[in-house]
Amino acid sequence: MVDLALQRPLSFIGVDTEFRYRRPPVLLGRGKEVYDIRSIHPLLLSIALVEPCRDGGYQVYPFVVDVRDPGIAAVLHDLFRIPVCFVGHNLKVELFCFWQLGIPAPGFLWDTYIFEKFRILGRYHPQRSASQDDVDVEAIRAKEEILEQKQFRLSLSATCLRYGISHRFSGDKEALQRSFLIHEDDKLFSPAQIEYSAEDAVVAAQLYIPQTLAAVEIGAQDHLNLVEMPWTRTNARIEWNGFRVHEERAREVTAMIETHQQVLKDHLAEMGLENENSHKQILSFFRSLGIHRHFLRDGKYTFSKKVLKKYQELHPAIQLMRDLRRAGDIRSDKIMHLDLIGVDGRVHPQHQQLGTDTGRQTSRWPNILGLDAMLRPIVIPEDGYGIGEADWSQVEVGVAAAVYGDPELLRMYNSGDVYSAMAQRFYSDQIRPEDLSLPGPEFKAKYKKERNRMKLCTLGMIYGISPYGLSDLMEVPRSAAAEILEGFMSMFPTLRNHLSWAVDLGAIRGHATAAGNVRRYRNSRCYLDRGEQNWLKNHPVQGSAAVIFKYAGNRLDRLYKGYGARIIIPLHDSFVFEAPLEHLEQVAEETCTVMLQALREYYPDLEPRVEVNIDAPQCWNKDGETTALQVWLERWTGVIVEEDSSKEEQ
DNA sequence: GAAGAGAGCGCC
DNA sequence: AAAGGGCGCTCTCTTC
């Protein structure tokens with residue numbers, strides 16, 4: 001097979017693998033099963049070599065290889081070095097199989113699953129139910145159906161149907177897939193298993209040309225080849241890399257919280273509240289104290305963190321509730337699930353490419369992108385390695401300035417600290433004249449409140465906030481918020497126009513557009529509600545930032561190879577990396593360079609800044625802060641000791 | 001007992 | 001009438 005592949009003038013190669021896992025799945029409740037990707041056991045590799053014929057058609061040579069043979073990897077090396085495109089449906093698992101076999105990934109990929117996901121971003125988005133009525137069965141069913149439809153559309157058989165390609169096994173695909181999961185080690189494969197396996201590689205190959213045409217039709221072929229498809233490999237590698245967790249520290253934290261939680265819970269129960277998480281119980285508790293009216297918002301009671309903090313002076317129980325909630329959140333974080341540690345001793349969350357409608361990543365099991373900052377020090381490097389992080393400063397503001405072409409916002413972004421520059425202009429009559437040209441960092445320290453208001457306005461502007469929402473955030477009357485917002489927007493007339501055009505054009509066209517022509521589609525042709533108006537404005541910013549992020553990530557993935565370094569967490573606007581200690585500084589420096597270049601390649605008008613943090617390489621952390629969790633726990637413990645003693649005195 | 005909605009919290 | 005974009009996850013409470 002390899003000889004033939006090397007001798008023929010191939011156009012591209014379809015690929016598929018069948019596999020099982022050596023470890024049983026971890027059960028996460030509600031029927032969720034998560035397999036340890038490091039225990040993947042490749043069984044069959046299917047290959048479809050494709051070459052052009054004189055008659056204008058294509059000749060396909062299908063092969064199926066039993067990759068349980070330990071000598072096979074060495075033979076396959078040469079095949080994957082052929083510089084043609086390798087096509088497959090959800091290539092992530094194929095890449096896992098290759099890496100498990102010790103075969104380097106091919107250089108040029110096309111993922112037919114990712115393409116289908118890409119072309120329906122925003123479609124099949126469950127709408128908020130039209131009715132406020134709780135028993136709107138129709139709305140619930142419709143929502144379920146939409147999500148099911150979306151999943152089904154992305155499957156290989158449904159994709160084949162759409163392109164008019166016949167898949168011989170589409171009917172009993174599931175049964176065959178399952179047959180591999182329970183296949184015994186030395187058993188031969190049945191003809192059905194082998195033919196099914198071959199068929200998947202063949203149809204994936206057959207999808208390549210029609211999908212390429214479809215990519216041209218949506219104006220995104222360049223982006224797909226440059227960014228999205230290479231990212232499938234980068235993303236798979238991040239998942240394959242995973243990260244190490246400090247098991248002992250995790251156990252300590254859990255034990256410590258559990259001990260003190262009980263004491264505090266008892267204390268709270270004495271005051272009259274059994275469960276700090278129960279909305280119902282809190283309401284009746286606060287009623288009995290006569291303080292419930294403070295928590296009324298628009299006809300509903302809310303006991304969120306923010307309002308509890310605001311009114312904590314009303315009763316000593318409130319501080320207790322806040323602490324208990326925080327402690328409960330930390331204790332129950334999925335990262336504490338130590339059974340998610342793979343056979344390589346590392347945790348491998350699923351990183352879902354195009355997980356969101358703007359093209360951003362999502363992660364789950366555990367959701368490492370949403371990890372409480374206090375828990376970051378649970379993530380530690382391998383021995384001899386260090387962890388670093390590099391992030392673009394205020395990147396979405398810069399991207400907003402660039403995509404909407406606002407000269408004043410550009411100037412402010414390029415000046416150093418965008419929010420300081422805004423405050424210097426916005427509050428020019430309230431700021432001492434000598435401070436009007438103060439450099440960002442100094443201004444930031446001196447005019448904290450003013451700067452923070454500008455930050456709220458900026459984020460609000462990108463997300464489409466209303467005076468109502470802003471007044472809540474700034475804690476000023478609505479009329480004052482309206483005035484601030486108006487004054488703020490009037491500093492950026494170009495931006496204001498272009499935001500409003502983004503809504504109008506998006507409504508007419510049917511989609512919002514980001515860098516690389518990454519589209520997010522509307523679901524209806526009728527009235528734009530506020531939410532839709534907002535994402536039409538926001539997608540160009542968030543989506544473009546996501547594109548640049550992946551572009552930079554791809555470059556880093558290739559660059560890191562030379563240092564034995566790896567990306568471990570792709571954090572929307574920052575990369576967390578792990579590198580051998582002797583190369584950590586060099587890796588950090590080159591990471592900055594790549595990130596700066598990437599942003600400037602897309603938006604040459606920007607003068608971006610990247611902040612790097614290798615201050616505490618012994619664990620992941622925020623701004624070099626590694627002890628926040630300990631400090632918090634100690635304070636918590638302190639509270640108990642103090643209150644216990646005061647109780648005794650009484 | 002399972003499943004879903006709502007409230008809430010974490011991240012960017 | 002609603003009121004800031006994008007997510008994943010846990011807990012409570014209700015319903016089937």
Side-chain angles (χ1 to χ4, degrees), chain A residues 28-32 121-122 125 128-129 132-137 139-141 143-144 274-283 297-298 300-308 321-322 324-337 349-350 352 354-376 391-392 394-396 400 456-473 478 481-482 485 512 520 527 529-543 545-546 549 569-574 622:
Chain A
L28 288 180
R30 309 227 164 165
K32 291 260 163 35
L121 284 182
H125 187 95
R128 292 186 61 189
S129 71
Q132 293 294 319
D133 199 343
D134 282 346
V135 283
D136 191 344
V137 182
I140 294 165
R141 275 187 65 98
K143 190 176 163 184
E144 273 172 12
E274 290 285 342
N275 187 341
E276 73 284 356
N277 284 323
S278 166
H279 191 267
K280 216 173 144 187
Q281 287 184 31
I282 297 170
L283 180 56
R297 294 280 180 287
D298 300 321
K300 281 181 174 175
Y301 289 97
T302 169
F303 307 113
S304 67
K305 182 182 158 173
K306 200 181 141 197
V307 285
L308 286 184
M321 291 165 62
R322 292 177 56 214
L324 273 167
R325 280 193 189 173
R326 189 84 205 267
D329 282 347
I330 286 169
R331 200 196 67 82
S332 59
D333 198 291
K334 273 244 184 322
I335 204 167
M336 302 295 200
H337 270 238
Q350 278 186 13
Q352 309 207 110
L354 302 176
T356 79
D357 289 339
T358 59
R360 271 189 176 181
Q361 296 278 112
T362 59
S363 74
R364 60 182 184 182
W365 305 334
N367 175 14
I368 193 63
L369 300 190
L371 185 74
D372 192 315
M374 281 212 302
L375 283 175
R376 287 181 181 180
D391 69 294
W392 282 287
Q394 303 161 343
V395 64
E396 285 206 350
L456 290 173
C457 283
T458 308
L459 297 176
M461 172 182 67
I462 299 175
Y463 303 148
I465 206 170
S466 67
Y468 174 92
L470 194 65
S471 79
D472 190 44
L473 284 180
R478 213 172 299 179
L485 199 56
R520 175 179 177 169
Y527 169 75
D529 65 19
R530 191 176 179 102
E532 196 171 21
Q533 289 182 32
N534 285 351
W535 68 245
L536 284 167
K537 292 176 189 166
N538 182 253
H539 173 81
V541 179
Q542 194 181 112
F549 182 75
I569 301 165
L571 206 56
H572 306 303
D573 66 353
S574 82
K622 191 158 189 154

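Convention: sequence-line order gives letters A, B, ...; per-chain numbering from 1. Given the structure is predicted, the values throughout are model-derived calculations rather than measurements.
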With respect to the phosphate group of [N], does any side-chain polar atom (N or O) of [X] fall under 4.0 Å of OP1 or OP2?
| X | N | value |
| --- | --- | --- |
| A:Thr302 | B:dG8 | yes |
| A:Arg360 | C:dG5 | no |
| A:Arg530 | C:dG5 | no |
| A:Lys622 | B:dC12 | yes |
| A:Ser466 | C:dG4 | yes |

Nearest-Å distance for atom pair [atom1]/[atom2], residues [X] and [N]:
| X | N | atom1 | atom2 | value |
| --- | --- | --- | --- | --- |
| A:Lys306 | B:dA7 | NZ | P | 17 Å |
| A:His572 | B:dC11 | NE2 | P | 12 Å |
| A:Ile465 | C:dG4 | CD1 | C1' | 5 Å |
| A:Leu456 | C:dA3 | CG | C1' | 16 Å |
| A:Arg325 | B:dG8 | CZ | P | 7 Å |
| A:Phe303 | B:dC9 | CZ | C1' | 16 Å |
| A:Leu470 | C:dA3 | CG | P | 16 Å |
| A:Asn534 | C:dG4 | CG | C1' | 6 Å |

With centres under 5.5 Å and planes under 30°, do A:Tyr463 and C:dG4 count as stacked? no
Base, sugar-phosphate, or nothing for [X], non-hydrogen atoms under 4.0 angstrom?
| X | answer |
| --- | --- |
| A:Lys300 | sugar-phosphate |
| A:Arg520 | sugar-phosphate |
| A:Ala373 | sugar-phosphate |
| A:Leu473 | base |
| A:Leu459 | base |

Could you work out the separation of [N] and [M] based on their [atom1] atoms and round it to a whole Å?
| N | M | atom1 | value |
| --- | --- | --- | --- |
| B:dG4 | C:dG4 | C1' | 27 Å |
| B:dA5 | C:dA3 | C1' | 22 Å |
| B:dG8 | C:dA1 | P | 23 Å |

Report yes or no: does [X] contribute a side-chain atom to a donor-acceptor pair with the main-chain N or O of [Y] at less than 3.5 Å?
| X | Y | value |
| --- | --- | --- |
| A:His337 | A:Trp365 | no |
| A:Ser471 | A:Ala481 | no |
| A:Arg325 | A:Glu276 | yes |

Can you figure out which of B:dC12, C:dA3, B:dG8 approaches the side chain of A:Arg376 most closely? B:dC12
Candidate nucleotides C:dC7, B:dG8, B:dC12, ranked by approach to the side chain of A:Asp573 - the nearest: B:dC12
Residues which pass side chain to side chain contact (heavy atoms under 4.5 Å, CB included) with [X], listed by chain and number, not counting sequence neighbours:
| X | answer |
| --- | --- |
| A:Leu459 | A:Tyr419, A:Lys455, A:Tyr463 |
| A:Leu485 | A:Ile465, A:Pro467, A:Leu470 |
| A:Arg364 | A:Gln350, A:Gln352 |
| A:Arg331 | A:Thr254, A:Ile257, A:Glu258, A:Gln261 |

Suppose the criterion is salt bridge (Lys or Arg N to Asp or Glu O under 4.0 Å): which pairs have a residue in residues 458-467 of chain A, not counting sequence neighbours? none
Smallest heavy-atom separation, A:Ala512 atom then A:Trp535 atom, equals CB-CZ3, 4.2 Å
Decide yes or no, distance alone: a donor-acceptor N/O pair under 3.5 angstrom between the base of C:dG6 and the side-chain of A:Gln542. no
Could you list the residues that satisfy salt bridge (charged side-chain N to carboxylate O under 4.0 Å, His left out) with A:Lys306, not counting sequence neighbours? A:Asp472
With sequence neighbours left out, what residues match A:Asp573 under salt bridge (charged side-chain N to carboxylate O under 4.0 Å, His left out)? none
Scoring nucleotides 8-13 of chain C by protein non-hydrogen atoms under 4.0 Å (B base, S sugar-phosphate only, - none) yields SSSSSS
Would you mind reading off the bend of the helix from B:dG1-C:dC16 to B:dC12-C:dG5 from its two end axes, five pairs each, to 10 degrees? 0°
